[in-house]
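When a ligand or atom number is given, it counts from 1 through the structure's own listing order.
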Amino acid sequence: MKKTYFTVGPSQIYRTVEDHTKQALQNDIFSLNHRSKEFQDLYQSVDSGLKKLLQIPESHSIYFLSSGTEAMERVIQNGVERVSGHIVSGSFGKRFFETARELGKDPVQLTFHEKSSQISTMEFSKDTELIAITQNDTSTGYHIPMEHVYQLAKKYPQKLIALDTVSSIPYIDIDYKKVDYVFFSIQKGFGLPAGLGVLVVSPRAIQKAKQLHSCGISIGSYHSIMQLQEFYEKFQTPETPNVFGIYVLNSIVTDYLKSGITTVRTMTDKKAHTMYTFFDTHPAFRPVIEDPVYRSKTTIVVEAIDGSSKLVHALEQRGFIVGSGYGERKGQDIRIANFPAHTLKDVKKLLSVIKEIS
Ligand SMILES: *Cc1c(COP(=O)(O)O)cnc(C)c1O
């Protein structure tokens, strides 16, 4: 039976991935030397494609890492001497905070909940160098509106702002001039296999890394921002990277550019609206986040009133793979991804099956 993956990552692969993979084999991408001109052209092509698709300014640099989790470590190491502030709305925000602790920093965490006031009213100490925000926490389904992020950034112009957008890119529309680090990995909104992280940094973030380095503070080794930047300037990477991941990312970015980012985003809105309307009006379900302002459009978390285990299993039998709740909420919630790889038709089919068996 053909399965449709509504899991939040890895997820359904985008419909063109099979063709792109064949093309990669035909073009000997698996043997491509990462110091070759072809590789530099490929890097340059993804760089300009991503900048066009996501409206990233020319002033910003785009680096390749191994994962979203790695990006958290890179951000802390290169952006914080001592104190980072973390807005935590779920397990990924918590992971970011723990990373800072494990690296020997003095992080502070502030918990965000829909009943608390918005993040721009949060207070950070004078010595907080960087504020880390999980823009879309995949564990809880919390979405932090970008307007609230900008207000916070405006209130603290001296502090660096880092955004985890792993499960909301390319849906989320960001003014990159107002933030310093944005990172994501490719197995979520780009519908690709896992194993490649992308970090976008501002000139200010590069300055901070240089400053820490000049004070004798460790900013890492081959993946320090200084090293990454040095290689980026010639469209290379310090190590042998995931060339296949970079190749298919380039192909998918080209596909998304052809559809147009507006179409990608309005389709996401439409599918999210269809799902929330269904779950809001079905007596057996309750979306975990009540306030629509904070509801994620890309990772939808819904409580199944009578428990979710049987439902998850029954859906699997019918070829629909959805996520269970995260951590302690495993048997209580279902999590459904709404990425560009998921068509409106897939979503309607999923909902009709849920209706039939609930
Ligand atoms: C999946 C995810 C991560 C981790 O990304 P990896 O590429 O698996 O390391 C981090 N943050 C959020 C919000 C995620 O959804």
Using a 4.5 Å cut-off on heavy atoms from C-beta on, say whether the side chain of Thr299 contacts that of Arg335. no
Please evaluate residues Phe30 and Phe244 with respect to the criterion ring pair (Phe, Tyr, Trp, His ring centres under 6.0 Å), reporting the C-alpha separation (whole Å), side-chain torsions for both, the decisive distance (0.1 Å), and the verdict. CA-CA 6 Å; Phe30 293 1; Phe244 173 66; 5.1 Å; yes
Does ligand 1 have any N/O atom under 3.5 Å from a protein N/O, and what are those pairs and their distances?
residue: ligand 1; atom: 7 (O); partner: Gly68; partner atom: N; Å: 2.9
residue: ligand 1; atom: 7 (O); partner: Ser185; partner atom: OG; Å: 2.8
residue: ligand 1; atom: 7 (O); partner: Gln187; partner atom: NE2; Å: 3.2
residue: ligand 1; atom: 8 (O); partner: Gln187; partner atom: NE2; Å: 3.3
residue: ligand 1; atom: 9 (O); partner: Gly68; partner atom: N; Å: 3.3
residue: ligand 1; atom: 9 (O); partner: Thr69; partner atom: N; Å: 2.8
residue: ligand 1; atom: 9 (O); partner: Thr69; partner atom: OG1; Å: 2.5
residue: ligand 1; atom: 11 (N); partner: Asp164; partner atom: OD1; Å: 3.4
residue: ligand 1; atom: 11 (N); partner: Asp164; partner atom: OD2; Å: 2.7
residue: ligand 1; atom: 15 (O); partner: Thr138; partner atom: OG1; Å: 2.4
residue: ligand 1; atom: 15 (O); partner: Lys188; partner atom: NZ; Å: 2.7

No-hydrogen, no-angle side-chain donor-acceptor test under 3.5 Å, His86 and Ser84: yes
Quick check: closest heavy atoms across Asn338 and Ala272, and the distance to 0.1 Å? ND2-N, 3.4 Å
Measure up the Phe92 and Tyr326 rings against each other and bin them: parallel (under 30°), tilted (30 to 60°), perpendicular (over 60°). tilted
Under the side chain to side chain donor-acceptor pair (under 3.5 Å) criterion, do Gln135 and Thr165 qualify, and how do the steps go? CA-CA 6 Å; Gln135 193 278 318; Thr165 59; over 6 Å; no
